[in-house]
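Scroll down for the structure; my scribbles are underneath it.
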Amino acid sequence: PALALKFAAVTPEQKALQKAWLTDRYHAPQDDLSQPIEPAYAEAFNRYLTGLILAVANTPERPHWNADSFFKRFEPAK
């Protein structure tokens, strides 16, 4: 299993901004380092991600796919 985190737009303004970014920038020539970045949000995201990774890594039980997950078929046999 892998962790994939995405930002969830909540307000109509956030949803419009996210849709515009996905439509106009994501995997396009405009998808570059000149885009505005909010350092405080990036730092908070990295702290959250680090905490999540450590929690998963330190859990006694190994991560596993949910029984109804499409990806369950790729889980190695035990």
Side-chain angles (χ1 to χ4, degrees):
L3 299 175
L5 300 177
K6 297 180 181 180
F7 293 100
V10 178
T11 66
E13 293 82 11
Q14 291 171 341
K15 289 179 182 181
L17 185 62
Q18 185 179 41
K19 183 177 180 180
W21 182 81
L22 287 170
T23 302
D24 301 330
R25 290 187 179 249
Y26 187 62
H27 288 245
Q30 299 85 353
D31 190 6
D32 62 27
L33 294 177
S34 69
Q35 296 178 77
I37 296 173
E38 294 287 342
Y41 293 136
E43 182 181 348
F45 178 80
N46 286 338
R47 272 197 314 274
Y48 176 81
L49 184 58
T50 300
L52 180 59
I53 290 168
L54 286 172
V56 171
N58 291 327
T59 300
E61 182 184 347
R62 183 177 178 184
H64 59 274
W65 296 110
N66 293 333
D68 61 349
S69 171
F70 168 84
F71 298 100
K72 176 78 172 168
R73 69 184 81 186
F74 302 113
E75 186 173 47
K78 294 177 184 172

Please report the interatomic distance CG(L22) to CG(L17), rounded to the nearest 0.5 Å. 9.5 Å
Does atom OH of Y48 have more than 12 heavy-atom neighbours from other groups under 6.0 Å away? no
How close do V10 and K15 get, counting heavy atoms only, and between which atoms? O-CE, 3.4 Å
dist R47:CZ -> E43:CD (nearest 0.5 Å) comes out at 4.5 Å
When rounded to the nearest 0.5 angstrom, what distance separates OG1 in T59 from CG in L54? 10.0 Å
CA sep, side-chain torsions, deciding dist, call: D31, W21, side chain to side chain contact (heavy atoms under 4.5 Å, CB included): CA-CA 9 Å; D31 190 6; W21 182 81; 4.1 Å; yes
Parallel, tilted or perpendicular: rings of F74 and F71 (30°, 60°): tilted
For Y41, I'd like to know if atom OH has over 12 heavy atoms of other residues, nucleotides or ligands within 6.0 Å. no
May I ask you to check whether over 12 heavy atoms, not counting those of K19, lie within 6.0 Å of atom NZ? no
If you look at every heavy atom in P29 and D32, which pair is closest and at what distance? O-OD2, 3.8 Å
At their closest point, which heavy atom of R25 faces which heavy atom of Q30, and how far apart are they? NH1-O, 3.3 Å
